[in-house]
Amino acid sequence: MINIAVCGAAGRMGQRIINSIVETEGVRFSGALERPGHPLVGQDVGLIAGCGELGVAVSDDLNGVIAACDVLIDFTAPKVSLKNLEACGLQKKAIVIGSTGFTPEERALAAELAKTTPVVLAPNMSVGVNVCFKILKDIAATLGDDFDVEIVEAHHRLKKDAPSGTAVRMGEVVAEALGRDYNKVANFHREGITGERTKEEIGMQTIRGGDIIGEHTVYFIGMGERIELSHRAMTRDMFSRGSVRAAKWVVSQKPGLYDMQDVLGLR
């Protein structure tokens, strides 16, 4: 039986992850972590998540929650996730991180910290999205430089980072397949007299509004034809189920930095 704890347990994503843990065989929900001073600290997290009383109270004791688990699932923010990763490393506990908005420097720090414990860090835990990553690599490599690439993503109005981590990873996958440096060719803004589109650039467009869970479309646009690869999330359960799948997988791995391509065997 694998003991799984959740950071950000009282949030929307945390609640869905807790439900997925309760519904999954071979795992046990062992701890609910929230920031110090959170108004729900001390309350039964099962009642908060709508899955019935679980006998597990929301806690702000990071080290205590980690000590009682085999793996921590964290969908918070990069700085919080890195702090939790460091704490997990000190106790030799695995961690699954679904936070987005990591800078290159923060990702490098995560890789360094992962030398002490197994870590799954992925911008999107959806099985479908990760299949899209694999397909995008093949499409881009086959089409080459003859097709322009544009990526459009849409999320709810409360999302704090843009473009989404999933969109960024899609751009990175395409750029790698085409032999380009994503950080040099990504174009996030067009306004006024921009001049002609360059052959190398990858357009990154963002939509924010309402309660959109997550939609991503990659356009490969050629002369007289166009390929569109789209993924639309209907519920957050696809992310929560993916994170639990990652948690079950990562506990038996050696220290290192992994992603959902590793979890799903898509390499």
Side-chain angles (χ1 to χ4, degrees), residues 1-18 20-21 27-38 40-42 45 56-125 159-161 164-166 168-169 172 183 239-240 242-263:
M1 187 68 69
I2 298 169
N3 292 311
I4 304 177
V6 177
C7 182
R12 289 170 301 171
M13 195 65 228
Q15 293 179 41
R16 296 314 310 155
I17 294 170
I18 291 168
S20 291
I21 294 170
V27 300
R28 178 189 296 114
F29 177 58
S30 65
L33 184 65
E34 268 297 348
R35 67 182 186 277
H38 193 284
L40 296 179
V41 168
V45 75
V56 177
V58 178
S59 172
D60 58 7
D61 179 5
L62 172 61
N63 292 321
V65 168
I66 292 175
C69 76
D70 299 307
V71 54
L72 177 69
I73 298 179
D74 180 317
F75 278 66
T76 55
K79 286 181 172 54
V80 177
S81 297
L82 289 170
K83 176 184 176 182
N84 293 342
L85 168 52
E86 184 174 18
C88 284
L90 291 174
Q91 296 196 43
K92 306 300 181 185
K93 301 297 180 71
I95 184 170
V96 172
I97 299 174
S99 307
T100 62
F102 283 86
T103 65
E105 293 76 18
E106 287 170 334
R107 287 190 64 87
L109 178 56
E112 182 65 26
L113 293 172
K115 292 178 179 179
T116 63
T117 196
V119 181
V120 172
L121 194 162
N124 196 307
M125 300 285 173
K159 186 168 177 61
K160 295 179 175 64
D161 59 307
S164 70
T166 301
V168 170
R169 185 57 193 149
E172 291 173 341
N183 293 313
F239 307 126
S240 64
S243 71
V244 175
R245 182 168 177 172
K248 293 177 69 175
W249 178 87
V250 75
V251 291
S252 61
Q253 306 305 311
K254 296 179 180 178
L257 187 63
Y258 305 95
D259 62 18
M260 285 300 288
Q261 299 286 296
D262 299 304
V263 174

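Heavy-atom basis, side chains included; hydrogens, waters and symmetry copies ignored. Note that this is a predicted model, so its numbers are computed, not measured.
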- Message: Less than 4.5 Å apart, side chain to side chain, heavy atoms only: is that true for Met260 and Val263?
- Response: yes
- For Cys88 and Thr117, which heavy atoms make the closest approach, and how far apart are they? O-OG1, 4.4 Å
- Message: According to salt bridge (Lys or Arg N to Asp or Glu O under 4.0 Å), who are the partners of Asp70, at least two apart in sequence or on a separate chain?
- Response: none
- Minimum heavy-atom distance between Val65 and Ala32, given as atom pair plus value: CG2-O, 4.3 Å
- Minimum heavy-atom separation for Thr76 to Cys7, with atom names? CG2-SG, 3.7 Å
List the atom pairs, donor and acceptor, that lie under 3.5 Å between side-chain atoms in residues 105-112 and the rest of the protein, sequence neighbours left out.
{"unit_1": "Glu105", "atom_1": "OE1", "unit_2": "Thr103", "atom_2": "OG1", "d": "3.4"}
{"unit_1": "Glu106", "atom_1": "OE1", "unit_2": "Thr103", "atom_2": "N", "d": "2.9"}
{"unit_1": "Glu106", "atom_1": "OE1", "unit_2": "Thr103", "atom_2": "OG1", "d": "3.4"}
{"unit_1": "Glu112", "atom_1": "OE1", "unit_2": "Lys115", "atom_2": "NZ", "d": "3.0"}

- Only counting residues at least two apart or in another chain, list the ones meeting salt bridge (Lys or Arg N to Asp or Glu O under 4.0 Å) with Asp60. none
- Considering all heavy atoms of both residues, which atom of Val41 and which atom of Arg35 are nearest to each other, and what is their separation? CG2-O, 4.2 Å
- Task: Might you work through the salt bridge (charged side-chain N to carboxylate O under 4.0 Å, His left out) test for Lys83 and Glu86, ending with a clear yes or no?
- Result: CA-CA 5 Å; Lys83 176 184 176 182; Glu86 184 174 18; over 6 Å; no
- Task: Apply side-chain contact (heavy atoms from CB on, under 4.5 Å) to the pair Ile95 and Leu121, showing each step before the final yes or no.
- Result: CA-CA 8 Å; Ile95 184 170; Leu121 194 162; over 6 Å; no
- Hey, could you give me the CD1/CG distance between Ile66 and Leu33, rounded to the nearest 0.5 Å? 7.5 Å
- Message: Pairing donors with acceptors under 3.5 angstrom, does anything connect the side chains of Asp61 and Ser59?
- Response: no
- Message: Could you check whether any side-chain N or O of Glu34 sits under 3.5 Å from a backbone N or O of Ala10, counting only pairs where one atom can act as donor and the other as acceptor?
- Response: yes
- Task: With sequence neighbours excluded, tell me which residues meet side chain to side chain donor-acceptor pair (under 3.5 Å) with Asp161.
- Result: Thr100, Lys159
- For Pro78, does its backbone N or O pair with a side-chain atom of Ser99 as donor and acceptor, under 3.5 Å? no
- Query: Quick one: CG on Asn183 to CD on Glu172, what's the gap to the nearest 0.5 Å?
  - Reply: 7.0 Å
- Nearest atoms (heavy-atom pairs only) where Phe75 meets Met125: CZ-CG, 3.6 Å
- Message: Thr166: which residues meet the side chain to side chain donor-acceptor pair (under 3.5 Å) condition with it, sequence neighbours left out?
- Response: Asn124
- In sequence, state the C-alpha distance, the side-chain angles, and the governing distance for Val120 and Asp262, and then conclude on side-chain contact (heavy atoms from CB on, under 4.5 Å). CA-CA 9 Å; Val120 172; Asp262 299 304; over 6 Å; no
- Query: Which distance, rounded to the nearest 0.5 Å, do you find between the CG of Asn84 and the NZ of Lys79?
  - Reply: 14.0 Å
- About how many Å separate OG of Ser20 and CD1 of Ile4, when rounded to the nearest 0.5 Å? 10.0 Å
Determine all donor-acceptor pairs shorter than 3.5 Å in which one atom belongs to a side chain in residues 247-254; sequence neighbours excluded.
{"unit_1": "Lys248", "atom_1": "NZ", "unit_2": "Glu25", "atom_2": "O", "d": "3.3"}
{"unit_1": "Ser252", "atom_1": "OG", "unit_2": "Trp249", "atom_2": "O", "d": "3.1"}
{"unit_1": "Gln253", "atom_1": "NE2", "unit_2": "Trp249", "atom_2": "O", "d": "3.2"}

- Item | Pairwise distance CG(Leu113) to CG(Leu257) - rounded to 0.5 angstrom | 10.0 Å
- Message: Restricting to non-hydrogen atoms, name the atom on Ala5 and the atom on Ser30 that form the minimum distance, rounded to 0.1 Å.
- Response: N-OG, 3.7 Å
- Once you round to the nearest 0.5 Å, how far does CG of Leu72 lie from CG of Leu62? 7.5 Å
